[in-house]
*Asks:* 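A single structure is presented below for examination.
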Number of protein chains: 4
Amino acid sequence: MTSDDRHSSRRARSEKAILEAASALIDEVGVGGLTIEGVAARSGVAKTTIYRRWRDKDDLALAILIELTAEISAPPDQGDTRKELLKFVETATKVITSGGVVSGLVSEIATTPHLSHQYVERIVDVRMAEVKTVIDRGIERGDLRPDTEVRLVHELLIGPLYYRLLFSKAPLTRRHREQVVDAVMQAFAPEDGSARSRRK
Amino acid sequence: MTSDDRHSSRRARSEKAILEAASALIDEVGVGGLTIEGVAARSGVAKTTIYRRWRDKDDLALAILIELTAEISAPPDQGDTRKELLKFVETATKVITSGGVVSGLVSEIATTPHLSHQYVERIVDVRMAEVKTVIDRGIERGDLRPDTEVRLVHELLIGPLYYRLLFSKAPLTRRHREQVVDAVMQAFAPEDGSARSRRK
Amino acid sequence: MTSDDRHSSRRARSEKAILEAASALIDEVGVGGLTIEGVAARSGVAKTTIYRRWRDKDDLALAILIELTAEISAPPDQGDTRKELLKFVETATKVITSGGVVSGLVSEIATTPHLSHQYVERIVDVRMAEVKTVIDRGIERGDLRPDTEVRLVHELLIGPLYYRLLFSKAPLTRRHREQVVDAVMQAFAPEDGSARSRRK
Amino acid sequence: MTSDDRHSSRRARSEKAILEAASALIDEVGVGGLTIEGVAARSGVAKTTIYRRWRDKDDLALAILIELTAEISAPPDQGDTRKELLKFVETATKVITSGGVVSGLVSEIATTPHLSHQYVERIVDVRMAEVKTVIDRGIERGDLRPDTEVRLVHELLIGPLYYRLLFSKAPLTRRHREQVVDAVMQAFAPEDGSARSRRK
DNA sequence: GACTAAGCGAGACGGTACGTCGCGTCTTAAA
DNA sequence: TTTAAGACGCGACGTACCGTCTCGCTTAGTC
């Protein structure tokens with residue numbers, strides 16, 4: 001998995017050209033308008049070379065999506081669970097709206113086992129781990145009930161974003177994110193009301 | 001736009017044939033595999049005739065999606081907000097999973113203004129109205145806070161379903177639906193704790 | 001080119017455009033350089049339309065070859081068997097050398113059952129029938145032995161032409177044709193030498 | 001150009017591997033299916049190495065064709081011109097039918113000056129020399145007319161074989177070869193009928 | 001026996017054309 | 001007029017090989 005590097009100068013060079021061209025095209029015409037032939041033309045790389053690395057258009061698009069997403073990392077300890085969750089939701093929002101890549105790919109991801117598997121593994125699971133960090137801290141602080149389920153929180157935080165993005169088309173505002181986070185905080189607040197960072 | 005219906009024998013006949021063929025095809029090969037040419041062949045209707053009624057493949061698919069969705073109606077008063085919300089989520093689940101139509105169409109809906117507009121109008125808004133009915137009753141009963149926002153509740157209920165359906169691929173179980181509903185109930189419970197139907 | 005054009009449904013019109021373009025291209029670059037994409041570009045017809053009629057490049061080329069060949073017809077009674085055979089060989093020469101189509105197609109014909117079958121049926125058999133006419137008259141006149149075999153004569157007349165064309169590259173001259181015809185006349189001359197049209 | 005042979009171990013080894021692989025492939029899939037990449041894969045030799053020795057696929061195929069053909073040698077004196085011609089035709093038949101190489105290469109040979117030149121030099125001329133030997137003996141014996149032209153006889157003997165092989169697809173039988181040889185004998189028989197080996 | 005130039009394997013690359021698919025438009029003839 | 005039937009232009013697909021091009025490793029034959 002590592003000795004590729006020997007012949008990598010050429011390989012890496014064309015790979016870079018392809019990804020750049022593809023990203024640019026997605027920005028301009030969206031994932032739906034993305035075309036292998038277009039990428040080839042724009043990058044100055046032969047169609048064959050693209051197919052050598054990605055099995056098809058969606059595979060390439062996914063690679064770019066992953067590139068985009070890779071930037072997210074767990075929100076650091078800020079001493080305030082609400083703030084941390086908000087930070088997480090904020091970053092997630094940024095990612096899923098950028099370039100319309102997600103919008104354009106959902107169907108393919110949801111439909112193609114191969115893609116959905118990759119998506120879960122490389123994105124879903126990673127995000128969930130981040131949420132876990134935040135929640136664990138929140139439980140420790142007494143902001144959240146000890147039995148708070150990570151997966152559920154993740155879904156409640158992220159689901160509404162996707163819903164707006166994909167279906168209702170309602171705007172993704174800061175106010176909305178706060179509402180969602182507050183709802184979650186409320187839903188998983190310890191019963192005795194001893195939490196330190198409560199919604200005002 | 002209106003008087004067609006009276007002497008619609010021909011029009012109606014072919015429309016029915018088209019929709020039936022299209023539905024059957026979606027069942028068999030999914031929305032992704034849906035093809036105008038396939039529908040024409042199967043329904044014995046000319047391609048031209050299909051294009052006369054729906055501007056393209058996605059428009060046709062949306063029509064079918066709407067047909068499916070049309071069945072949902074507001075859950076009747078059961079005297080129990082939790083039960084009513086659960087009922088709503090249950091029906092919604094049934095619809096979005098049926099035939100993989102939604103999975104296959106999301107990208108197109110999210111991406112095409114024309115489709116997303118129709119989707120919002122004919123589905124999102126309708127659902128929201130149903131949720132509103134339930135919530136209004138819930139507030140009246142004292143199960144929910146008076147300032148509970150319909151839109152937010154709707155998103156928190158529906159978002160997680162879509163998220164599982166499209167991305168995480170986690171199964172859509174009854175247990176999950178209960179968790180979601182309970183979280184919502186908790187999040188919007190009146191502060192004084194006087195609600196009648198609380199999660200145990 | 002004539003009054004056909006009026007009802008020449010689209011099909012006929014595009015077919016004509018394709019054949020013309022293909023012929024022109026063969027003239028310019030040979031059968032080897034013939035390309036469906038080239039034909040499409042030159043004829044202003046879509047690639048698909050070409051494939052709708054001919055299964056592939058060779059099938060199209062064969063069609064053109066047949067068009068060329070179709071012009072040959074049995075040499076008319078000239079009262080002189082030698083002259084008639086010469087005439088036959090002359091016409092054949094003209095056909096097989098025109099445009100290098102034959103040279104470029106032999107391998108495909110010889111190799112593909114589908115093509116060879118068509119070739120035999122539409123060309124070989126037709127030619128043989130022509131030779132038969134000439135030979136029958138020759139036998140009647142007493143120029144040839146009554147047991148002269150048509151197939152053999154045909155092969156002896158045509159074989160050397162193909163051999164020069166394809167392999168030895170020796171020029172196809174009038175002198176050569178005469179030698180071949182004379183050899184055949186001699187080989188199948190009646191034993192008693194009573195033939196009227198003998199080689200000088 | 002000559003001293004290579006001394007320290008040729010490596011060169012010779014890979015050349016052998018290539019030729020063997022190519023021959024095997026031709027046997028299996030025909031010349032049409034022959035592929036440099038296939039040869040490389042099968043022989044364990046790098047594509048580059050093949051291109052170093054043969055300018056392209058056809059050049060390689062020709063090399064193999066020549067290898068095959070090389071086996072023919074002039075039929076020895078049997079005291080009977082007819083028998084000797086028959087022997088020649090028989091050997092020729094064997095060669096041109098073996099492996100379908102000839103069928104698959106004709107077009108390329110006929111079309112590419114470079115190949116046709118080599119073919120004429122290394123095969124056509126060689127064969128003609130053999131026929132000359134036989135004819136010279138025949139003339140001496142009085143079986144053939146003194147002015148019998150070698151080239152013409154060669155063409156009359158070989159042409160029909162090629163014609164059947166490539167076009168008419170009629171079977172290459174012993175009977176057919178005899179007919180051809182007899183026709184030639186007859187065509188070039190001395191006028192006085194003094195030939196010793198005549199067809200009965 | 002060590003050195004250097006050639007030959008070699010591996011395989012990535014730019015390219016051309018293939019034959020296929022499904023789109024949405026356009027034409028024709030019959031009802 | 002409306003329809004069924006289906007030909008058409010189009011754009012992209014993903015594939016197959018082509019012949020070229022590095023790039024280090026192997027391997028003689030020379031010193």
Side-chain angles (χ1 to χ4, degrees), chain A residues 4 6-15 17-18 33-41 43-57 59, chain B residues 10-11 13-14 17 33-41 43-52 54-59, chain C residues 7-15 17-18 33-41 43-57 59, chain D residues 4 6-11 13-15 17 33-41 43-58:
Chain A
D4 285 345
R6 237 175 314 142
H7 300 130
S8 68
S9 66
R10 253 165 114 183
R11 188 172 187 100
R13 231 179 309 133
S14 54
E15 177 151 341
I18 292 166
L34 188 65
T35 277
I36 296 287
E37 298 207 320
V39 174
S43 64
V45 149
K47 237 179 14 158
T48 2
T49 302
I50 302 177
Y51 280 111
R52 262 174 213 126
R53 269 190 249 313
W54 295 276
R55 65 170 60 181
D56 59 22
K57 189 180 101 154
D59 203 34
Chain B
R10 242 161 119 184
R11 187 173 190 91
R13 227 181 314 131
S14 52
L34 188 65
T35 279
I36 295 287
E37 297 200 323
V39 174
S43 65
V45 148
K47 265 200 320 181
T48 339
T49 307
I50 301 177
Y51 280 110
R52 240 172 241 128
W54 296 275
R55 66 169 58 181
D56 59 22
K57 183 180 109 156
D58 297 317
D59 203 34
Chain C
H7 335 112
S8 62
S9 44
R10 294 219 275 168
R11 181 165 193 106
R13 232 179 308 133
S14 54
E15 177 152 341
I18 293 166
L34 188 64
T35 276
I36 296 287
E37 298 208 318
V39 175
S43 64
V45 147
K47 237 177 17 158
T48 3
T49 303
I50 302 176
Y51 281 111
R52 264 175 209 122
R53 270 189 249 310
W54 295 277
R55 64 171 59 184
D56 58 22
K57 189 180 101 156
D59 202 33
Chain D
D4 282 348
R6 249 171 307 144
H7 33 78
S8 59
S9 66
R10 236 163 119 181
R11 185 173 190 94
R13 228 182 310 132
S14 52
E15 176 150 343
L34 189 64
T35 280
I36 295 286
E37 297 202 323
V39 175
S43 65
V45 148
K47 259 192 338 172
T48 340
T49 306
I50 301 177
Y51 280 111
R52 251 174 224 127
R53 279 197 237 314
W54 296 276
R55 63 168 60 179
D56 59 22
K57 185 180 105 155
D58 297 316

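Per chain, numbering begins at 1; letters A, B, ... match sequence-line order. Just so it is clear, the model here is predicted, and its values are computed rather than measured.
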*Asks:* What is the distance, to the nearest angstrom, from the CG atom on A:Asp59 to the P atom on F:dG14?
*Replies:*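 The distance from CG of A:Asp59 to P of F:dG14 comes to 11 Å, rounded to the nearest Å.
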*Asks:* Examine F:dC8: is either OP1 or OP2 under 4.0 Å from a nitrogen or oxygen in the side chain of C:Ser14? Give yes or no.
*Replies:*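 True: C:Ser14 side-chain N/O within range (under 4.0 Å) of F:dC8 OP1/OP2.
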*Asks:* Bend angle of the helix from E:dG1-F:dC31 to E:dA31-F:dT1 from five-pair axes at both ends, rounded to 10°?
*Replies:*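 Here the helix ends are tilted 10° relative to one another.
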*Asks:* Considering all heavy atoms of both residues, which atom of C:Ile36 and which atom of C:Lys47 are nearest to each other, and what is their separation?
*Replies:*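 Closest heavy-atom pair between C:Ile36 and C:Lys47: CG2-CG, 3.7 Å.
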*Asks:* Within this structure, what is the CZ-OG1 distance for the pair C:Arg52 and C:Thr48, rounded to the nearest 0.5 Å?
*Replies:*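 So the CZ of C:Arg52 and the OG1 of C:Thr48 are separated by 5.0 Å.
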*Asks:* Using 0.5 Å steps for rounding, measure from the OG atom of D:Ser43 to the CD1 atom of D:Ile50.
*Replies:*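 Spacing of OG (D:Ser43) from CD1 (D:Ile50) equals 5.0 Å.
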*Asks:* B:Trp54 has an atom CH2; how far is it from atom C1' of E:dG24, in whole Å?
*Replies:*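 Value for this atom pair: 16 Å.
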*Asks:* How would you summarise protein contacts on nucleotides 16-22 of chain E per nucleotide, using B for base, S for sugar-phosphate only and - for none, with heavy-atom distances below 4.0 Å?
*Replies:* -SBBBBB
*Asks:* In whole angstroms, how far is the C1' atom of F:dC23 from the CZ atom of A:Arg10?
*Replies:*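 Interatomic distance, CZ of A:Arg10 to C1' of F:dC23: 9 Å.
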*Asks:* Roughly how far, to the nearest 0.5 Å, is the CD atom of C:Glu15 from the CD1 atom of C:Ile18?
*Replies:*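 Between C:Ile18 CD1 and C:Glu15 CD, I get 7.0 Å after rounding to 0.5 Å.
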*Asks:* Could you give the CD-to-C1' distance, from C:Glu15 to F:dA7, as a whole number of Å?
*Replies:*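 So the two atoms are 13 Å apart, to the nearest Å.
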*Asks:* Nearest-Å distance, CZ (B:Arg13) to P (F:dT3)?
*Replies:*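 Going from B:Arg13 (CZ) to F:dT3 (P), I get 10 Å.
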*Asks:* Write down the atom of C:Ala46, the atom of C:Ala40, and the distance for their closest heavy-atom approach.
*Replies:*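 Here C:Ala46 and C:Ala40 meet closest at C-CB, 4.3 Å.
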*Asks:* Within a radius of less than 6.0 Å around CZ of B:Arg55, do more than 12 heavy atoms belonging to other residues, nucleotides or ligands occur?
*Replies:*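 Not more than 12 within 6.0 Å, no.
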*Asks:* When you get a sec, tell me which of F:dC8, E:dC8, E:dC13 is the closest nucleotide to the side chain of D:Arg53?
*Replies:*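 My answer, after comparing the listed nucleotides, is E:dC8.
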*Asks:* Within this structure, what is the CZ-to-P distance between A:Arg11 and E:dG11, rounded to whole angstrom?
*Replies:*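 The answer, rounded to whole Å, is 11 Å.
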